[in-house]
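These notes concern the structure reproduced below.
All heavy atoms count here, side chains included; hydrogens, waters and symmetry mates do not.
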Amino acid sequence: MTTRETCAQIPARLLAWYDEHARALPWRSAPGEPPADPYRVWLSEIMLQQTTVAAVKPYFDAFTTRWPTVEALAAAPQEDVMAAWAGLGYYSRARNLVKAAGVVAERGGFPDTEEGLRALPGVGAYTAAAIAAIAFGRRAVVVDANVERVVARLFAIDTPLPGARAAIREGADLITPDERSGDFAQAMMDLGSRICTPRAPNCDACPLAGDCAAREHDPERLPVKAAKKTKPVRQGRAYWIEREGAVWLVRRAPQGMLGGMRALPDDGWSAAGDGSGDPPVDGAWEEAGVVRHTFTHFVIELTVLRLESAQESGLAQGEWWPVERIDEAGLPTLFAKAARLAIAARERLL
DNA sequence: AATACGTGGCA
DNA sequence: TTGCCAAGTAT
């Protein structure tokens, strides 16, 4: 049972467990070894925001192969980076990634303090602490969703989130060691993702079970979270306008939903309401199917309409893109699904 | 403080 | 199938 007095043994127990059980990850140095390249740590931390390790791995490999250094990334065209990010979600991360790379390249390297890191676009409290600890060996209190869960259980904090944030941070501060703070942070995250899981935690395998205030009192119920709101369902349309083996693609506005990404033209649907239903040009539109796609705060039912042998796109802005290279267009997942439907409908006619 | 912002995996 | 959840940040 953890109290302020019994916190002292937790770091050593957790680090000993980490020495044996650390996951090998492409952006991580081995336990006890010198820190990994700050560029790789930063890039991985941005990619990992609200995103699973499994989803990140192929993107991390692709980015580091194509842009091995922050200077290389800073020199890349914004649209190339956006296209490479397509499918990973939360596209403001990609926009901020390019901005931050420019700042870092300009100043000649990454800041090595939490405060300096926090000033980079896309780097918040969590990411600044994580990079300071993992890449620069500084003591920093690193609190992500894993740490929130582990700490809420260790100290049996049953105040609902997000109100419990301050208490959880205080608990995390109490158990964060001065040495190996980066390994400690990664150990907490490994523990949270593999042992102290949201459902059915494996307490029998937990190195901190003897320290855990929730061990005998249903740890699974912690942390307590506020109820989710139901998502509205919106109706919208996307338009597949084809001419001589090419499809008309547009680029979305730089801010907001899927901001800055290449896309199919649509009828103006959004989280706030349905689309107008009006196509960009008159013609013999045929329905290719409906994509149902869940965003964070709403569901879109997107009807995909296609027009063969278009004379004009009917749109001032955009470009003809070869259909056989549609996978290279960098469409976010919603529009990649819509494109698959349109191509399937097209092939049924051939 | 509350909301906007993606996606895929899992039970 | 539906809902929950993930190494959060910006406003």
Under 4.0 Å: is that the gap between some side-chain N or O of A:Lys225 and OP1 or OP2 of C:dG3?
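Answer is no, no contact under 4.0 Å.
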
Using the side chain to side chain contact (heavy atoms under 4.5 Å, CB included) rule, take A:Val304 and A:Lys337 through it: C-alpha gap first, then chi angles, then the decisive distance, then the call.
CA-CA 10 Å; A:Val304 182; A:Lys337 289 178 183 173; over 6 Å; no

Group every Ile, Leu, Val, Met, Phe, Trp and Tyr by side-chain heavy-atom contacts under 4.5 Å, then state whether A:Phe155 and A:Val224 land in the same group.
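In one cluster: no.
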
Do the ring centers of A:Trp248 and A:Tyr239 come within less than 6.0 Å of each other?
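Ring centroids of A:Trp248 and A:Tyr239 are no less than 6.0 Å from each other.
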
Centroid separation A:His297 to A:Phe295 less than 6.0 Å
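No; A:Phe295 has its ring centre 6.0 Å or more from that of A:His297.
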
Quick one, A:Arg215 with A:Asp204, criterion salt bridge (Lys or Arg N to Asp or Glu O under 4.0 Å). Give me CA distance, side-chain angles, the key distance, then yes/no.
CA-CA 10 Å; A:Arg215 174 74 173 90; A:Asp204 291 342; 3.3 Å; yes

Distance between the C1' atoms of C:dT11 and B:dA1, in whole angstroms?
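Result for the C1' pair: 11 Å, nearest Å.
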
Please state the C1' separation for the pair C:dA7 and B:dA2 - nearest whole angstrom.
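The answer is 23 Å between these two C1' atoms.
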
Do the non-hydrogen side-chain atoms of [X] and [Y] ever get within less than 4.5 Å of each other?
X        : Y        : answer
A:Arg40  : A:Phe60  : yes
A:Phe63  : A:Met47  : yes
A:Leu331 : A:Arg340 : no
A:Glu244 : A:Trp320 : no

Could you identify which residues of [range] place a heavy atom less than 4.0 Å from some atom of DNA chain C, listed by residue number, or say none?
range                       : answer
residues 190-205 of chain A : A:Ser193, A:Pro198
residues 17-38 of chain A   : A:Arg23, A:Leu25, A:Trp27, A:Arg28
residues 114-130 of chain A : A:Arg118, A:Pro121, A:Gly122, A:Val123, A:Gly124, A:Ala125, A:Tyr126, A:Thr127

Taking atom CG of A:Asp218 as the centre, does the number of heavy atoms from other residues, nucleotides or ligands within less than 6.0 Å exceed 12?
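Atom CG in A:Asp218 is packed in, count exceeds 12.
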
At a heavy-atom distance below 4.0 Å, what parts of residues 135-142 of chain A sit against DNA chain B?
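Here the set is empty: none.
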
Atom [atom1] of [X] and atom [atom2] of [N]: how far apart are they, to the nearest Å?
X        : N     : atom1 : atom2 : answer
A:Leu161 : C:dC4 : CG    : P     : 15 Å
A:Ile46  : C:dG8 : CD1   : P     : 11 Å
A:Arg221 : C:dC4 : CZ    : C1'   : 19 Å
A:Glu220 : C:dC5 : CD    : C1'   : 13 Å
A:Lys99  : C:dT9 : NZ    : P     : 15 Å
A:Leu222 : C:dC4 : CG    : C1'   : 17 Å
A:Tyr59  : C:dA7 : OH    : C1'   : 17 Å
A:Arg292 : C:dT1 : CZ    : P     : 10 Å

Nearest nucleotide by nearest heavy atom, which residue falls closer to the 5' end of DNA chain C, A:Val53 or A:Asn96?
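Mapping each residue to its closest nucleotide by heavy atoms, the 5'-most match is A:Val53.
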
Is a side-chain donor-acceptor pair under 3.5 Å present for A:Gln49 with A:Arg93?
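Not at all, the side chains of A:Arg93 and A:Gln49 share no donor-acceptor pair under 3.5 Å.
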
Between [Y] and [X], is there a salt bridge with N-O shorter than 4.0 Å?
X        : Y        : result
A:Arg180 : A:Asp183 : yes
A:Arg346 : A:Glu308 : no
A:Arg262 : A:Glu319 : yes

Show the nearest heavy-atom pair for residues A:Arg139 and A:Ser181, with the distance to one decimal.
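Residues A:Arg139 and A:Ser181, closest heavy atoms: CA-OG, 3.5 Å.
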
Measure across A:Trp240 and A:Trp285 and return the closest heavy-atom pair with its distance rounded to 0.1 Å.
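A:Trp240 and A:Trp285 have their closest heavy atoms at O-CZ3, 4.0 Å.
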
Taking only residues two or more places apart in sequence or in another chain, which ones pass salt bridge (charged side-chain N to carboxylate O under 4.0 Å, His left out) with A:Glu71?
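Once residues adjacent in sequence are excluded, A:Glu71 has no partner under the salt bridge (charged side-chain N to carboxylate O under 4.0 Å, His left out) criterion.
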
Per-nucleotide protein contact string for nucleotides 3-8 of chain B, where B marks a base within reach and S marks sugar-phosphate only (heavy atoms under 4.0 Å, - for neither)
SSBBBS

